[in-house]
*Asks:* 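Just dropping this structure here.
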Amino acid sequence: MNPIESPLLQSLNPEQLVAVTYPSNQSLLVLAGAGSGKTRVLTSRIIWLLSTGQSVPQNILAVTFTNKAAKEMRSRIESALPYPIQDMWLGTFHSLCHRILRRYHEAAQLQKNFQIIDTQDQLSIIKRILKNSATVDNSITPKELANYINNNKEQGYRSDSPFLTAHNRYYLLNPYYEIYEQICRRENLVDFTELLLRCVETLKNNTLLQESLQHRFQHILVDEFQDTNDLQYQWLKLITGNNTSIFAVGDDDQSIYSFRGANVKNMQYLIRDFKITQPIKLEQNYRSTQIILDAANELIARNTDRIGKTLKSTQQQGELIKYNRAYSELEEGQFVLDEIKSRHRNGEPYYSMAVLYRNNAQSRAIEQSLFNANIPYKVYGGLRFYEREEVKHALAYLRLLVNPEDDHSLLRVINFPNRGIGPKSIENLQTKAQEIKGSLWHALLQEKSKNKNLASFYQIISDLHKQINQLSFPDLINELIHASGLIDYYQQKKGDFQNKIYNLHELVNATYSFDYQDIEQIFSDQSKSISAEEKIIAFLSNASLEAGERNAKNTNEHSDYVQLMTVHSAKGLEFDTVFLIAMEEGLFPSEYSLNSHDGLEEERRLMYVATTRAKKNLYLSSVYERYHQGRKNLALQSRFINEIPEHLIHYLSPKDNTPLVSNSLQNKKNTVSFKSPKDEPYALGIMVKHPSFGVGVIINRQAKAHSYLLTINFGQHGIKTLDSGFAKLETI
DNA sequence: CTCTAAGAGATTTTT
DNA sequence: TCTCTTAGAG
């Protein structure tokens with residue numbers, strides 16, 4: 001069949017068609033706007049390469065950021081092709097690096113049974129380091145140290161890198177970075193960023209390995225390219241050979257992860273490094289109405305650092321964006337609730353409506369309203385399956401079976417459940433371990449004869465160890481959760497721990513459904529069969545790399561529910577109706593971003609992402625008074641509201657930005673919420689005018705001898721602290 | 001060891 | 001306000 005006549009290509013628009021059928025030996029960057037069929041283009045490209053015989057699965061590598069995206073791509077491709085594609089490398093950056101490290105662990109200078117630690121584990125190792133260090137420096141928080149380590153790794157810097165000295169806390173922090181590296185090496189542990197860094201270093205040091213990968217991968221496809229960090233880009237360049245072409249899809253306007261290292265500049269570098277003459281723009285949007293897109297286009301056009309594109313809708317003009325400014329969170333909740341109810345009465349299912357917010361904390365008030373009104377809803381966020389306490393305990397036992405050097409796991413479970421091994425015994429063990437220059441487990445082997453509690457812990461682990469090859473994997477885990485005492489512990493502990501017990505049994509179930517095909521991908525030594533130990537290692541790696549479903553709070557057992565989530569987690573999703581709440585200066589844009597150009601632009605991109613989630617109806621909502629971090633805050637409406645042209649908005653409340661009075665107070669005379677300026681100048685909530693900052697609201701006040709120290713929210717000009725004695729303020 | 005009380009700190013999140 | 005951590009008492 002002529003590929004051009006194939007149904008695959010017929011359904012593409014002209015730009016998509018150009019991208020999908022771009023010469024297979026050239027690299028390309030596709031700037032795919034929101035809702036422009038990005039995933040479609042990516043999968044179609046792969047299908048096109050394969051079905052026209054220009055490539056075979058073996059020679060293709062496709063990389064995504066999330067497991068969900070990888071799975072989605074795999075299933076779309078497989079359903080379009082008559083043959084399986086297990087020879088194709090398709091996965092997240094982390095899982096692909098993991099695969100390389102397992103296969104070439106010797107070149108990577110890792111032991112075969114190395115374990116992957118997640119963010120939680122990393123933080124607790126860091127806490128242990130800080131606690132054990134003689135220096136008492138309270139100025140270092142574990143989080144700061146974790147950031148220092150991760151940021152440096154993302155730049156490719158080890159603790160001995162000369163570039164590190166540029167950091168202004170180098171002398172304080174770096175010794176701990178060094179200790180952290182030693183500990184990970186000794187305990188055979190690899191953190192998330194290490195997967196990438198170690199892989200990059202291994203490729204750099206092993207030309208043969210690098211060349212063989214470069215030779216294998218003739219086509220590299222990258223999803224969400226704007227989210228790549230420096231290390232990931234380095235990795236891509238290392239596996240790209242002279243005969244490799246890159247096909248990258250991304251949207252600089254949707255780059256919202258710079259806080260975790262994503263570097264949009266990689267898009268420019270890609271164009272430069274791979275001699276891309278003309279990126280292809282996908283501006284046809286299949287999702288939203290033109291009104292919504294007009295608003296999004298106008299908003300994002302204010303950003304200076306962008307490649308630039310304008311979305312066009314395939315849909316009708318649609319309805320105006322509705323904007324409501326309420327007095328309090330309570331009234332905001334009521335507003336959203338009323339609209340949801342009325343939409344639902346008119347036949348719109350709950351699941352097509354979403355409430356989005358900048359910060360998780362803002363879900364509370366809305367939840368309250370929905371809960372009281374008995375509307376089913378689901379809040380996204382919270383712990384994932386493999387991140388839960390009880391599951392992590394069980395996994396720590398399992399880790400110890402395959403990697404006895406893992407002090408971190410040993411410390412987690414040696415006295416959980418309680419077996420009378422207190423801080424003193426642990427300290428003794430640590431001293432012993434230092435003496436023999438070995439792991440805690442080795443110290444335990446020597447000390448167990450002197451301490452019956454240590455002996456009983458040893459017995460549990462060694463009994464389980466003996467059964468690795470005797471029992472089936474599920475039976476082994478089942479034995480583990482009982483022999484460790486975990487099940488008994490949660491059964492006997494007062495309170496309701498049924499859920500934890502359930503999760504432990506669920507862990508046993510997970511071993512049944514674990515995909516053993518994946519193991520073969522990792523341990524590719526076809527000559528022998530997979531050992532029980534390898535199975536465990538693969539299972540544990542998978543648990544870290546793919547932590548499972550989020551623990552969505554679901555108050556009702558309905559399947560039809562309103563969805564509540566942050567704007568970040570809504571990226572990639574779409575809803576008929578979107579409520580974007582808490583549109584206030586200081587919240588959205590976040591106060592942390594107000595002082596920097598880049599920060600503000602990222603907030604604006606976030607607003608762009610939020611806006612383009614809506615297919616048909618977009619509601620914006622702000623509030624005059626909101627409790628935030630325990631204090632009452634008075635805020636102006638978000639500048640982003642002002643950046644949307646007025647003609648696109650249907651104002652449900654007065655258009656001006658004046659302080660509102662609560663509906664409940666309006667009818668009661670004498671109960672005005674604020675005193676008038678005459679009674680008390682500079683009272684909270686008063687609007688003032690400043691010669692250069694313009695109009696603002698007083699949000700905090702501190703009395704001084706003859707004046708006040710005022711915190712004023714000037715909206716566009718940010719939040720300022722001024723002395724009423726000096727500043728030329730006019731009350732209005 | 002476990003429970004309680006006081007104190008500090010408080011975006012966004014995937015792997 | 002709420003949540004997490006730590007210190008101290010029982």
Side-chain angles (χ1 to χ4, degrees), chain A residues 63-70 91-98 116-124 127 130-131 138 141-144 147 150 153-154 190-197 199 223-224 227-229 231-232 254-262 329 356-365 368 380-384 386-387 415-426 453 493-495 541-548 550 565-572 582 586-594 599 602-603 605-607 609-610 626-633:
Chain A
V63 59
T64 62
F65 275 87
T66 65
N67 293 297
K68 199 175 149 207
T92 63
F93 279 100
H94 292 85
S95 71
L96 296 175
C97 286
H98 172 239
I116 304 167
I117 53 170
D118 67 12
T119 319
Q120 276 181 44
D121 298 321
Q122 185 188 44
L123 207 62
S124 58
K127 282 178 186 164
L130 288 174
K131 203 174 265 175
N138 296 327
T141 64
K143 256 199 176 139
E144 185 194 9
N147 283 335
N150 292 330
K153 283 193 180 188
E154 269 161 24
V190 169
D191 64 41
F192 286 137
T193 316
E194 183 74 27
L195 285 169
L196 291 154
L197 178 55
C199 194
D223 191 17
E224 305 275 18
D227 287 338
T228 50
N229 65 26
L231 251 188
Q232 287 157 342
Q254 292 189 71
S255 165
I256 56 174
Y257 284 111
S258 73
F259 68 91
R260 64 177 197 220
E329 303 165 271
L356 308 184
Y357 33 81
R358 173 70 239 263
N359 301 152
N360 282 308
Q362 276 121 37
S363 73
R364 190 178 304 272
Q368 198 66 249
Y380 289 82
L383 286 184
R384 292 140 157 264
Y386 288 111
E387 289 169 353
N415 199 34
F416 193 96
N418 210 299
R419 29 181 97 82
I421 304 174
K424 200 97 211 156
S425 321
I426 290 171
N453 292 332
K493 199 172 151 89
K494 57 175 187 278
S541 304
N542 182 262
S544 308
L545 247 27
E546 198 173 337
R550 282 220 170 266
M565 67 188 84
T566 63
V567 179
H568 279 92
S569 35
K571 189 177 163 212
L587 284 178
F588 199 6
S590 155
E591 56 183 321
Y592 299 93
S593 316
L594 291 179
E602 178 138 327
E603 294 287 316
R605 290 193 291 271
L606 200 50
M607 178 67 186
V609 168
R626 183 184 301 275
Y627 282 86
H628 183 228
Q629 294 183 196
R631 352 185 84 244
K632 187 201 274 180
N633 282 288

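In this text the structure is predicted, and so the values were computed from the model without any measurement. Throughout, a chain's letter reflects where its sequence line sits, starting with A, and its residues are numbered from 1.
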*Asks:* Would you say Ser569(A) reaches dT13(B)'s phosphate, i.e. side-chain N/O to OP1/OP2 under 4.0 Å?
*Replies:*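 So the side-chain polar atoms of Ser569(A) do come within 4.0 Å of the phosphate oxygens OP1 or OP2 of dT13(B), strictly under.
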
*Asks:* How close or far is atom P of dT15(B) from atom CD1 of Ile117(A), stated in whole angstroms?
*Replies:* 17 Å

*Asks:* May I have the distance from Arg384(A) (atom CZ) to dT13(B) (atom P), rounded to whole angstrom?
*Replies:*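 Answer to the nearest Å: 11 Å.
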
*Asks:* Out of curiosity, Leu545(A) CG to Leu195(A) CG, how far, rounded to the nearest 0.5 Å?
*Replies:* 6.5 Å

*Asks:* Expressed as a whole number of angstroms, how long is the span from Asn360(A):CG to dT12(B):P?
*Replies:*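 From Asn360(A) CG to dT12(B) P: 5 Å.
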
*Asks:* Scan Leu587(A), Thr566(A), Leu606(A) and name whichever one has a side-chain contact (heavy atoms from CB on, under 4.5 Å) with Arg358(A).
*Replies:* Leu606(A)

*Asks:* Looking at dT11(B), dC1(B), dT15(B), which one has an atom nearest to any side-chain atom of Glu603(A)?
*Replies:*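 Nearest to the side chain of Glu603(A) among the choices is dT11(B).
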
*Asks:* What is the nucleic acid contact for Gly422(A), judged by heavy atoms within less than 4.0 Å: base, sugar-phosphate only, or nothing?
*Replies:*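 Sugar-phosphate, backbone atoms only, no base.
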
*Asks:* Side chain of Thr66(A) only, please: which of dT14(B), dC1(B), dT5(C) is the nearest?
*Replies:*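 That would be dT14(B).
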
*Asks:* Ignoring the backbone of Asn359(A), work out which of dT14(B), dT12(B), dT3(C) is nearest its side chain.
*Replies:*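 Taking heavy atoms from C-beta onward, the closest nucleotide is dT12(B).
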
*Asks:* Which nucleotide wins on minimum distance to the side chain of Tyr592(A), given the candidates dT11(B), dT15(B), dT12(B)?
*Replies:*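 Closest of the options to the side chain of Tyr592(A): dT11(B).
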
*Asks:* For Asp118(A) and for Lys143(A), find the nucleotide of DNA chain B with the closest heavy atom, then tell me which residue's nucleotide is more 5'.
*Replies:*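 Its nucleotide being nearer the 5' end, the pick is Lys143(A).
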
*Asks:* Has Phe259(A) got its ring stacked on the base of dT12(B), with centres under 5.5 Å and planes less than 30° apart?
*Replies:*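 It does: the ring sits over the base of dT12(B).
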
*Asks:* About how many Å separate CZ of Phe93(A) and OG1 of Thr228(A), when rounded to the nearest 0.5 Å?
*Replies:* 6.0 Å

*Asks:* Of the nucleotides dT15(B), dT5(C), dT3(C), which has the atom closest to the Arg364(A) side chain?
*Replies:*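 Selected nucleotide: dT3(C).
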
*Asks:* In this structure, how many angstroms lie between the C1' atom of dT1(C) and the CZ atom of Arg631(A), rounded?
*Replies:*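 My rounded result for the distance is 11 Å.
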
*Asks:* Ring centroid separation for His568(A) and Tyr380(A), is it under 6.0 angstrom?
*Replies:* no

*Asks:* Base, sugar-phosphate alone, or nothing: which one does Lys127(A) contact when heavy atoms must sit under 4.0 Å apart?
*Replies:*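 Sugar-phosphate contact only - Lys127(A) comes under 4.0 Å of backbone atoms but never of a base.
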
*Asks:* Would you mind telling me which of dA10(B), dT15(B), dC1(B) lies closest to the side-chain atoms of Asn67(A)?
*Replies:*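 Nucleotide nearest to Asn67(A)'s side chain: dT15(B).
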
*Asks:* Could you check whether Thr193(A) gets within reach of a base, just the sugar-phosphate, or nothing at all, counting any heavy atom under 4.0 Å?
*Replies:* nothing

*Asks:* Quick one: on DNA chain B, does Ile256(A) or Leu545(A) contact a more 5' nucleotide (nearest heavy atom)?
*Replies:* Ile256(A)

*Asks:* Is Asp227(A) touching bases, backbone alone, or none of the nucleic acid, heavy atoms closer than 4.0 Å?
*Replies:*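 Here Asp227(A) touches no strand at all.
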
*Asks:* Nearest whole Å is fine: how far is dT15(B) P from Asp223(A) CG?
*Replies:* 13 Å

*Asks:* Students often get this wrong, so: under 4.0 angstrom with heavy atoms, is Pro423(A) touching a base, only sugar-phosphate, or nothing?
*Replies:* sugar-phosphate

*Asks:* Check whether any side-chain N or O of Thr566(A) sits under 4.0 Å from OP1 or OP2 of dT13(B), and answer yes or no.
*Replies:*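 Yes, Thr566(A) has a side-chain N/O under 4.0 Å of OP1/OP2 on dT13(B).
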
*Asks:* Between Glu224(A) and Lys571(A), does the salt bridge (charged side-chain N to carboxylate O under 4.0 Å, His left out) criterion hold? Intermediate values first, please.
*Replies:* CA-CA 11 Å; Glu224(A) 305 275 18; Lys571(A) 189 177 163 212; 3.4 Å; yes

*Asks:* Where the side chain of Phe192(A) is defined as all heavy atoms beyond and including C-beta, which of dT13(B), dT15(B), dT11(B) is the nearest nucleotide?
*Replies:*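 Looking only at side-chain atoms, Phe192(A) lies closest to dT15(B).
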
*Asks:* Nearest whole angstrom, please: distance from the P of dG9(B) to the NE2 of His628(A).
*Replies:*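 Value for this atom pair: 16 Å.
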
*Asks:* As an exercise, state the distance from NE2 of His94(A) to CZ of Phe65(A), rounded to the nearest 0.5 Å.
*Replies:*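 Interatomic distance, His94(A) NE2 to Phe65(A) CZ, rounded to 0.5 Å: 9.0 Å.
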
*Asks:* Which one, dC1(B), dT11(B), dT15(B), comes nearest to the side chain of Ser593(A)?
*Replies:* dT11(B)

*Asks:* Would you mind reading off the distance between Met607(A) atom CE and dT11(B) atom C1', rounded to a whole angstrom?
*Replies:*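 Distance, rounded to whole Å: 17 Å.
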
*Asks:* Using a 4.0 Å heavy-atom cut-off across all strands, classify Tyr257(A) as base, sugar-phosphate, or nothing.
*Replies:* sugar-phosphate

*Asks:* Picking from dT15(B), dC1(B), dT11(B), which would you name as closest to the side chain of Ser590(A)?
*Replies:* dT11(B)

*Asks:* Between dT13(B) and dC4(C), how far apart are the P atoms? Round to whole Å, please.
*Replies:*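 Taking atom P in both dC4(C) and dT13(B), they lie 15 Å apart.
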
*Asks:* Pick base, sugar-phosphate or nothing for Asn150(A), based on heavy-atom distances below 4.0 Å to the nucleic acid.
*Replies:* nothing

*Asks:* Looking only at side chains, do Gln122(A) and Asn150(A) share a donor and an acceptor under 3.5 Å apart?
*Replies:* yes

*Asks:* Glu387(A) has an atom CD; how far is it from atom P of dT13(B), in whole Å?
*Replies:* 12 Å

*Asks:* So, OP1 or OP2 of dC1(B): does either fall under 4.0 Å of a side-chain N or O from Asn415(A)?
*Replies:* yes

*Asks:* Measure distances between side-chain N and O atoms of Thr92(A) and base N and O atoms of dT14(B), and say whether any donor-acceptor pair falls under 3.5 Å.
*Replies:* no

